[in-house]
Undergrad: 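Below are the structure tokens for one structure; questions will follow.
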Amino acid sequence: EHVPEISAARYHGSEHSVGDALTIGRRLGADSAYLDAYQGHAALSKQATTLVGWATVMHGGVVLDASGRRFGDETTGYSEYAAILAARPGSEGWVVIDRGIYDKCLSFKDFQQTVDSGAVVWADDTDGLAAATGLPPAAVAEELAAVRKYSRGEASDPFGRNSFEHSLTGPYAAIKIVPALFHTQGGLVVDENARVLRTDGSAITGLFASGGAAMGISGHGAAGYLAGNGLLPALGLAYLAASSLRTTQLL
Ligand SMILES: Cc1cc2nc3c(=O)[nH]c(=O)nc-3n(C[C@H](O)[C@H](O)[C@H](O)COP(=O)(O)OP(=O)(O)OC[C@H]3O[C@@H](n4cnc5c(N)ncnc54)[C@H](O)[C@@H]3O)c2cc1C
């Protein structure tokens with residue numbers, strides 16, 4: 001309802017996160033905010049529904065769409081790149097890495113699970129990669145040749161990506177990805193003691209909200225999300241609510 005840009009993507013959060021806190025709060029006259037905010041993720045393995053992880057990209061990997069072409073600056077961030085991938089034909093793509101990136105990513109449990117699931121395909125060269133992925137060979141060869149130039153400083157990426165950790169070289173590995181919605185970041189408006197507020201700014205006696213029930217700290221859309229922005233308000237606001245209650249009771 002509130003995040004149409006990612007509503008068609010795979011939902012990868014808790015089955016119990018269905019908006020009950022908003023329903024309960026609104027019934028009591030609570031205000032809500034940042035309902036368009038969410039954490040997306042651009043790299044969920046289509047086959048295994050495990051997290052491929054964005055370390056693949058940050059170490060120098062690229063994302064190709066179904067036409068075998070890159071379509072943006074992948075380092076924009078895994079959350080905001082989800083909606084960008086969702087808007088591509090077929091709403092899916094491939095993360096392409098090489099042996100060096102693969103070895104670095106094995107330290108991540110999610111990536112390891114993706115590997116164990118058999119979702120990674122390997123090829124010695126770009127033609128082999130095209131055959132293994134079903135992508136157009138010419139497009140794959142052109143894109144990877146261009147990326148090698150960007151990483152060596154011989155050309156500038158038209159999408160503005162300026163961080164290619166190393167030059168992608170065969171053998172290549174590729175994982176088919178789909179965009180995902182992990183969780184939304186909007187919720188009930190709270191004050192500095194985690195008390196839920198009405199639209200006129202007054203507090204609803206006895207009602208507190210934290211974490212997924214409260215408005216988040218990520219601002220609007222997907223771009224404000226940073227790792228920790230979900231768990232931090234869950235812990236922080238609950239701590240503030242408890243502290244406030246204790247003070248009130250002591251008084
Ligand atoms: C795949 C994924 C990856 C994530 N990664 C990160 C990350 O790296 N860093 C980060 O900071 N955040 C991350 N998050 C977000 C983070 O998990 C949440 O922001 C956080 O768990 C919210 O905490 P919470 O206690 O408010 O809600 P939850 O942890 O969802 O707990 C709410 C509980 O309430 C229960 N419940 C729901 N409705 C009712 C009801 N009506 N009555 C009774 N009980 C109910 C639920 O069953 C659940 O047990 C991620 C989320 C997902 C889905």
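These figures come from a predicted structure and were not determined experimentally. When a ligand or atom number is given, it counts from 1 through the structure's own listing order.
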Undergrad: In terms of atom number and element, which parts of ligand 1 are under 4.0 angstrom from non-hydrogen atoms of Gly228?
TA: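 Selected atoms, number and element: 9 (N), 10 (C), 11 (O).
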Undergrad: Looking at His16, which atoms of ligand 1 are within less than 4.0 Å of one of its heavy atoms?
TA: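 In order of numbering, the contacting atoms are 37 (C), 38 (N), 46 (C), 47 (O).
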Undergrad: What atoms of ligand 1 come closer than 4.0 angstrom to any heavy atom of Ala234?
TA: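 Contacts of ligand 1 toward Ala234, numbered from 1: 23 (O).
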Undergrad: Distance below 4.0 Å between atom 11 (O) of ligand 1 and any protein heavy atom?
TA: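 Answer yes: something from the protein, a heavy atom, is under 4.0 Å.
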Undergrad: Between Arg161 and Phe164, is NZ or CZ placed under 6.0 angstrom from the six-membered ring centre and within 45° of the ring axis?
TA: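 That pair qualifies as a cation-pi contact.
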Undergrad: Testing Val95, Leu44, Leu64 one by one against Ile177 for a side-chain contact (heavy atoms from CB on, under 4.5 Å), which residue passes?
TA: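 Running side-chain contact (heavy atoms from CB on, under 4.5 Å) over Val95, Leu44, Leu64 with Ile177 returns exactly one hit, Val95.
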Undergrad: Are there protein heavy-atom neighbours of atom 28 (P) of ligand 1 below 4.0 Å?
TA: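 Protein heavy atom within 4.0 Å of atom 28 (P) of ligand 1: absent.
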Undergrad: Which residue holds the protein heavy atom closest to atom 22 (C) of ligand 1, what is that atom called, and what is the gap in Å?
TA: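 Here the closest protein heavy atom is Gly212 N, 4.0 Å.
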Undergrad: Please confirm whether Asp20 comes within less than 3.5 Å of ligand 1 when only nitrogen or oxygen atoms on both sides are compared.
TA: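 For ligand 1, there is an N or O atom that lies under 3.5 Å from one belonging to Asp20.
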Undergrad: Heavy-atom contacts under 4.0 Å between Tyr11 and ligand 1: side chain, backbone, both, or neither?
TA: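 The answer is neither.
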Undergrad: The test is salt bridge (charged side-chain N to carboxylate O under 4.0 Å, His left out); show your working for Glu92 and Lys46 and say whether it passes.
TA: CA-CA 8 Å; Glu92 59 184 31; Lys46 182 175 184 183; 2.7 Å; yes
Undergrad: Might you check, step by step, whether the distance between atom 31 (O) of ligand 1 and some protein heavy atom is under 4.0 Å?
TA: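 No, because not a single protein heavy atom sits under 4.0 Å from atom 31 (O) of ligand 1.
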Undergrad: Please identify which atoms of ligand 1 are closer than 4.0 Å to at least one heavy atom of Gly211.
TA: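 Reading through ligand 1 atom by atom, the close ones are 26 (O).
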Undergrad: Heavy atom under 4.0 Å from ligand 1: found in Leu51's side chain, backbone, both, or neither?
TA: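 The answer is neither.
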Undergrad: So with a 6.0 Å cut-off around OH of Tyr34, is the heavy-atom count from everything else above 12?
TA: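 Not buried by this count: 12 neighbours or fewer within 6.0 Å.
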Undergrad: Do Arg69 and Glu142 sit within salt-bridge range, that is, some charged N less than 4.0 Å from a carboxylate O?
TA: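 Counted as a salt bridge, because a side-chain N and a carboxylate O are separated by less than 4.0 Å.
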Undergrad: Find all atoms of ligand 1 within a distance of less than 4.0 Å from any non-hydrogen atom belonging to His12, and give their numbers and elements.
TA: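 Result: 1 (C), 53 (C).
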